[in-house]
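Here's the structure we're looking at; comments come further down.
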2 protein chains.
Amino acid sequence: MEEILRQQIEKIVPLTDDEFQLVLSHFSVGKYKKHQYIVQQGNPVPYVHFVVKGLLKSFYIDKSGKSHILQFAMEDWWITDNQGFYNEQNATLNIDCLEDAQTYYITLENREKLCAELQKMEFFFLQKMTAGNIALQNRILSLMSKNSEERYIQFIQLYPDLIHRIPKTLIASYLGISRETLSRLSH
Amino acid sequence: MEEILRQQIEKIVPLTDDEFQLVLSHFSVGKYKKHQYIVQQGNPVPYVHFVVKGLLKSFYIDKSGKSHILQFAMEDWWITDNQGFYNEQNATLNIDCLEDAQTYYITLENREKLCAELQKMEFFFLQKMTAGNIALQNRILSLMSKNSEERYIQFIQLYPDLIHRIPKTLIASYLGISRETLSRLSH
DNA sequence: GCATTAACGTGATTTAGGTCACAAATTATC
DNA sequence: GATAATTTGTGACCTAAATCACGTTAATGC
């Protein structure tokens with residue numbers, strides 16, 4: 001399982017065995033069951049999670065009670081409520097497990113410590129954050145410029161693996177359309 | 001003008017005079033006129049710009065020819081086509097000036113050099129990128145959970161300064177609604 | 001293995017917002 | 001300062017997608 005984290009980091013910066021052990025020592029392992037919440041609206045957000053097994057989603061519940069999925073996270077993905085975590089505020093999002101899951105998680109303090117001890121990790125996080133920005137900007141443009149069907153097709157292209165692991169209802173919620181509309185699209 | 005850049009950085013990391021001179025030496029100054037393009041779809045994106053004067057917008061033109069505004073940038077804001085700049089690809093966005101503008105701009109190479117020479121600048125860029133992520137995620141949730149009127153009200157709250165500098169047509173394009181709908185909202 | 005819950009499909013109806021068209025008002029530009 | 005260009009408002013009409021309401025099928029949990 002550790003290997004997944006190591007490979008994820010080494011896609012961006014090479015690590016010696018010792019360095020990876022140092023990295024690892026700043027993380028903890030968490031195991032969660034399907035339906036379990038790891039972040040809840042209104043509560044603190046102590047960790048960022050790197051998923052090594054399973055599938056999670058982060059979502060926002062609006063004032064009318066409707067739920068909107070911001071992110072899915074499967075193996076090799078990071079997930080947290082960014083606003084809560086980085087600004088040390090209470091969560092505005094919820095995160096729960098769609099499948100039994102295992103993560104490596106880290107606190108803000110340990111993340112900063114790690115970056116101070118191993119400069120290249122700061123570069124790693126900057127690269128990840130940059131890639132995240134690009135993806136988010138593309139999602140915004142997609143929401144603004146594409147209709148339901150185009151967004152669904154794009155989702156299939158971007159995340160072919162997820163289609164078979166996630167109920168259509170949740171994909172609809174991620175795409176910002178109703179489950180009925182999505183049902184009528186998918187032929 | 002330099003002072004705006006310095007203050008922007010010092011909001012996050014303190015700098016000595018020498019350090020700031022080092023920072024500054026990696027940037028160049030650009031002056032642009034209203035309607036001038038500084039990034040164009042299909043061309044390389046050599047710089048990130050820090051705006052010290054004026055107002056710019058980045059926008060995407062979809063396949064049906066409609067334009068969607070991704071970002072405005074006035075004094076104290078950063079702007080580029082992230083995907084083009086960081087991945088060294090051709091631009092998918094356009095950036096032009098809504099007012100005569102002046103920026104400090106930096107290449108990817110100089111940015112990396114600067115981070116290597118002055119570690120705290122990497123921390124600075126990471127903080128900025130993180131704040132950007134949070135803002136983008138909120139915008140996505142806003143697009144998914146709020147109607148036109150709510151998004152317009154939110155825009156006014158977030159960017160009260162911009163309301164009087166930007167035609168409503170462009171605000172509509174930023175919010176993802178038609179100018180006619182916005183016109184009917186604003187009483 | 002059965003009961004409960006969640007997922008999915010589909011019709012009928014509603015609605016927020018888009019599109020088209022035109023006129024008035026405001027702002028740039030030479 | 002006159003002319004052109006842009007911005008704004010508003011009516012009439014249209015449409016993509018939401019909502020409501022069923023029934024059916026597939027998972028899931030004990």
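Proteins come first, then strands; the chains are lettered A, B, ... in the order of their sequence lines, and each starts at number 1. Below, each value reflects all heavy atoms present in this structure, side chains not excepted, and no hydrogens, waters or symmetry copies. Treat the numbers as computed from the prediction; the structure is a model and nothing was measured.
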Please confirm whether the shortest side-chain N or O distance from Ser183(A) to OP1 or OP2 of dC8(C) is below 4.0 Å. no
Is any side-chain heavy atom of Thr80(B) closer than 4.5 Å to a side-chain heavy atom of Tyr47(B)? no
Could you give the CG-to-C1' distance, from Leu182(B) to dA16(C), as a whole number of Å? 15 Å
Closest to the 5' end of DNA chain D, once Ile166(B) and Asn147(A) are matched to their nearest nucleotides, is Ile166(B)
Let me know the distance between CD1 of Ile163(A) and C1' of dA7(C), rounded to the nearest Å. 15 Å
Do Arg111(A) and Met121(A) have side-chain heavy atoms sitting under 4.5 Å apart? no
If we only count heavy atoms from C-beta on, is the Ile95(B) to Ile79(B) side-chain gap below 4.5 Å? yes
Phe125(A) ring centre to Lys128(A) NZ or CZ under 6.0 Å, with the angle to the axis within 45°? no
Output a table of nitrogen or oxygen pairs between the protein and nucleotides 2-5 of chain C separated by less than 3.5 Å.
none

Going through the distances and angles, do Gln8(A) and Trp78(A) end up as a side-chain hydrogen bond (donor to acceptor under 3.5 Å, both in side chains)? CA-CA 10 Å; Gln8(A) 153 87 199; Trp78(A) 297 83; 2.9 Å; yes
Nearest-Å distance for atom pair CZ/C1', residues Arg151(B) and dG17(C): 10 Å
Is a side-chain N or O of Ser183(B) found less than 3.5 angstrom from the main chain of Arg179(B), in a donor-acceptor match? no
Please report the distance, rounded to the nearest Å, between CD1 in Ile177(B) and C1' in dA16(D). 17 Å
When the distance from CG of Asp96(A) to C1' of dA6(C) is rounded to whole Å, what number comes out? 14 Å
Sub-3.5 Å pairs of nitrogen or oxygen atoms, protein against nucleotides 27-30 of chain C:
none

For residues 8-36 of chain B, which residue pairs pass the ring-ring contact (aromatic ring centres under 6.0 Å, His included) check, not counting sequence neighbours? Tyr32(B)-His49(B)
Side chains of Asp62(B) and Ser64(B): donor-acceptor distance under 3.5 Å anywhere? yes
Atom NE2 of His164(B) to atom C1' of dT26(C): distance rounded to whole Å? 17 Å
Those residues at least two apart in sequence (or on a different chain) that pass ring-ring contact (aromatic ring centres under 6.0 Å, His included) with Tyr174(A) are Phe72(A), Phe155(A)
What's the CG-P distance between Leu175(B) and dG18(C), to the nearest Å? 11 Å
Nucleotide N/O to protein N/O under 3.5 Å, stretch nucleotides 19-21 of chain D:
residue: dT19(D); atom: OP1; partner: Lys66(A); partner atom: NZ; Å: 3.2
residue: dT19(D); atom: O4; partner: Arg184(A); partner atom: NH2; Å: 3.1
residue: dC20(D); atom: N4; partner: Glu180(A); partner atom: OE2; Å: 3.3

With a cutoff of under 4.5 Å between side-chain heavy atoms, which Ile, Leu, Val, Met, Phe, Trp and Tyr residues group with Tyr60(B)? Tyr60(A), Leu70(A), Leu93(A), Leu136(A), Ile140(A), Leu141(A), Leu143(A), Met144(A), Leu70(B), Leu93(B), Leu136(B), Ile140(B), Leu141(B), Leu143(B), Met144(B)
Whole angstrom value for the distance that separates C1' of dG17(C) from NZ of Lys146(B): 18 Å
Please tell me if Thr169(A) has a side-chain N or O lying less than 4.0 Å from either OP1 or OP2 of dA6(C). no
Using the side chain to side chain donor-acceptor pair (under 3.5 Å) rule, pick out the option among Asn90(B), Thr92(B), Asn94(B), Asp81(B) that qualifies with Gln41(B). Asn94(B)
